[in-house]
Protein chains: 2
Amino acid sequence: MGATKAEEFTLRDNRIARYAKALGHPARVAILRLLAERQACMCGDIVEELPIAQSTVSQHLGELKAAGLIQGEIDGPRVCYCINEKEWTSALTVLNEFFKLPKEIAAKCC
Amino acid sequence: MGATKAEEFTLRDNRIARYAKALGHPARVAILRLLAERQACMCGDIVEELPIAQSTVSQHLGELKAAGLIQGEIDGPRVCYCINEKEWTSALTVLNEFFKLPKEIAAKCC
DNA sequence: CAGCAAAATCGTAATAATACGATATTATCT
DNA sequence: AGATAATATCGTATTATTACGATTTTGCTG
């Protein structure tokens with residue numbers, strides 16, 4: 001993302017940014033949607049559903065895993081991915097809390 | 001963000017990604033938090049609060065404005081920024097709806 | 001063990017994001 | 001008009017992201 005000064009911000013804000021960044025690309029949103037919408041968790045079927053190459057899908061999966069939002073489990077010759085419910089809930093909570101901030105404020109100036 | 005294929009994904013997923021991307025940097029989260037937490041909307045005071053240069057703050061403000069999350073109004077020699085309540089609510093709704101997807105699913109496989 | 005299929009990793013090119021200093025704008029005040 | 005103060009914009013260096021093809025790894029199957 002270019003030079004960054006992430007360390008100089010609060011842990012809380014970095015946490016929010018980390019989750020948000022993981023959702024910051026339509027391919028990753030689409031992947032998460034697929035994982036959420038299908039009963040079973042997906043593996044390489046994602047590649048067939050999305051307009052990007054296998055290696056790129058794998059890269060996006062890696063980022064989602066790094067953010068903690070999904071987890072993968074080896075299932076025979078393939079890998080079965082699914083949403084990490086715990087982190088997912090955590091992300092929802094953190095983002096919701098953040099988004100509700102202005103609701104508590106009456107005054108508006110512009 | 002490097003080469004991108006955003007056009008090939010759904011509008012819905014692009015919309016979510018757009019909001020999420022705006023929140024994808026701790027500086028922008030911090031800026032939004034400042035705008036939300038203070039009664040009045042901020043201007044250059046943000047520069048004093050954050051560990052980044054004035055031009056960088058201005059750049060982040062521009063991105064938040066492009067995403068629709070904030071709006072600025074000229075107020076004398078300064079610019080008064082505040083959260084765009086409408087878009088903010090819209091972002092909350094869209095993200096919430098997305099995050100609640102897996103809750104409707106009983107089966108888990110890993 | 002050889003062969004196969006799925007996924008990860010590597011190498012790399014193209015592009016976007018981050019950050020800063022310097023400069024230009026803009027609006028106010030004297 | 002000129003000076004001042006606040007923002008925006010420009011130019012640019014650095015670093016991150018995205019994407020793909022090629023290759024490697026991994027685990028199963030004959």
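Letters go in sequence order (proteins before strands), and every chain restarts at 1.
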In plain terms, say whether Glu73(A) and Arg78(A) are close enough for a salt bridge, that is, a side-chain N and a carboxylate O under 4.0 Å apart.
no
Is the shortest distance from a Lys or Arg side-chain nitrogen in Glu49(A) or Arg38(A) to a carboxylate oxygen in the other one below 4.0 Å?
yes
Just how far, in rounded Å, is [atom2] of [N] from [atom1] of [X]?
{"X": "Leu64(B)", "N": "dA8(D)", "atom1": "CG", "atom2": "C1'", "value": "15 Å"}
{"X": "Glu7(A)", "N": "dT18(C)", "atom1": "CD", "atom2": "C1'", "value": "12 Å"}
{"X": "Phe9(B)", "N": "dA19(D)", "atom1": "CZ", "atom2": "P", "value": "6 Å"}
{"X": "Asn14(A)", "N": "dT18(C)", "atom1": "CG", "atom2": "P", "value": "13 Å"}
{"X": "Ile74(B)", "N": "dT7(D)", "atom1": "CD1", "atom2": "C1'", "value": "10 Å"}
{"X": "Arg18(B)", "N": "dA17(C)", "atom1": "CZ", "atom2": "P", "value": "14 Å"}
{"X": "Asp75(B)", "N": "dT28(C)", "atom1": "CG", "atom2": "P", "value": "9 Å"}
{"X": "Tyr81(A)", "N": "dA8(C)", "atom1": "OH", "atom2": "C1'", "value": "8 Å"}

Nearest-nucleotide pick for Lys21(A), side chain only, options being dA7(C), dG27(D), dT17(D)
dT17(D)
Check every atom of dT15(C), dT7(D), dA8(C) against the side chain of Ala3(B) and return the nucleotide holding the closest atom.
dT15(C)
Between Arg78(B) and Gly44(A), who's closer to the 5' end of DNA chain C by nearest nucleotide?
Gly44(A)
Per nearest nucleotide of DNA chain C, the residue lying toward the 5' end, Arg28(B) or Lys65(A), is Lys65(A)
Relative to the ring of Phe99(B), is the ring of Trp88(A) parallel (under 30°), tilted (30 to 60°) or perpendicular (over 60°)?
tilted
Here's a test of your reading of the structure: between Pro51(A) and Pro77(A), which maps to the more 5' nucleotide of DNA chain D?
Pro51(A)
Backbone N/O of [Y] and side chain of [X]: donor-acceptor pair under 3.5 Å:
{"X": "Asn14(A)", "Y": "Ala6(A)", "result": "yes"}
{"X": "Thr56(A)", "Y": "Ile52(A)", "result": "no"}
{"X": "Asp13(A)", "Y": "Phe9(A)", "result": "no"}

Solution key, residues 60-69 of chain A side-chain donor-acceptor pairs under 3.5 Å, sequence neighbours excluded:
{"from": "His60(A)", "atom 1": "ND1", "to": "Arg28(A)", "atom 2": "NH1", "distance (Å)": "3.0"}
{"from": "Glu63(A)", "atom 1": "OE1", "to": "Arg28(A)", "atom 2": "NH1", "distance (Å)": "3.0"}

Of the residues in residues 52-61 of chain B, which ones touch DNA chain D at a heavy-atom distance under 4.0 Å?
Gln54(B), Ser55(B), Ser58(B)
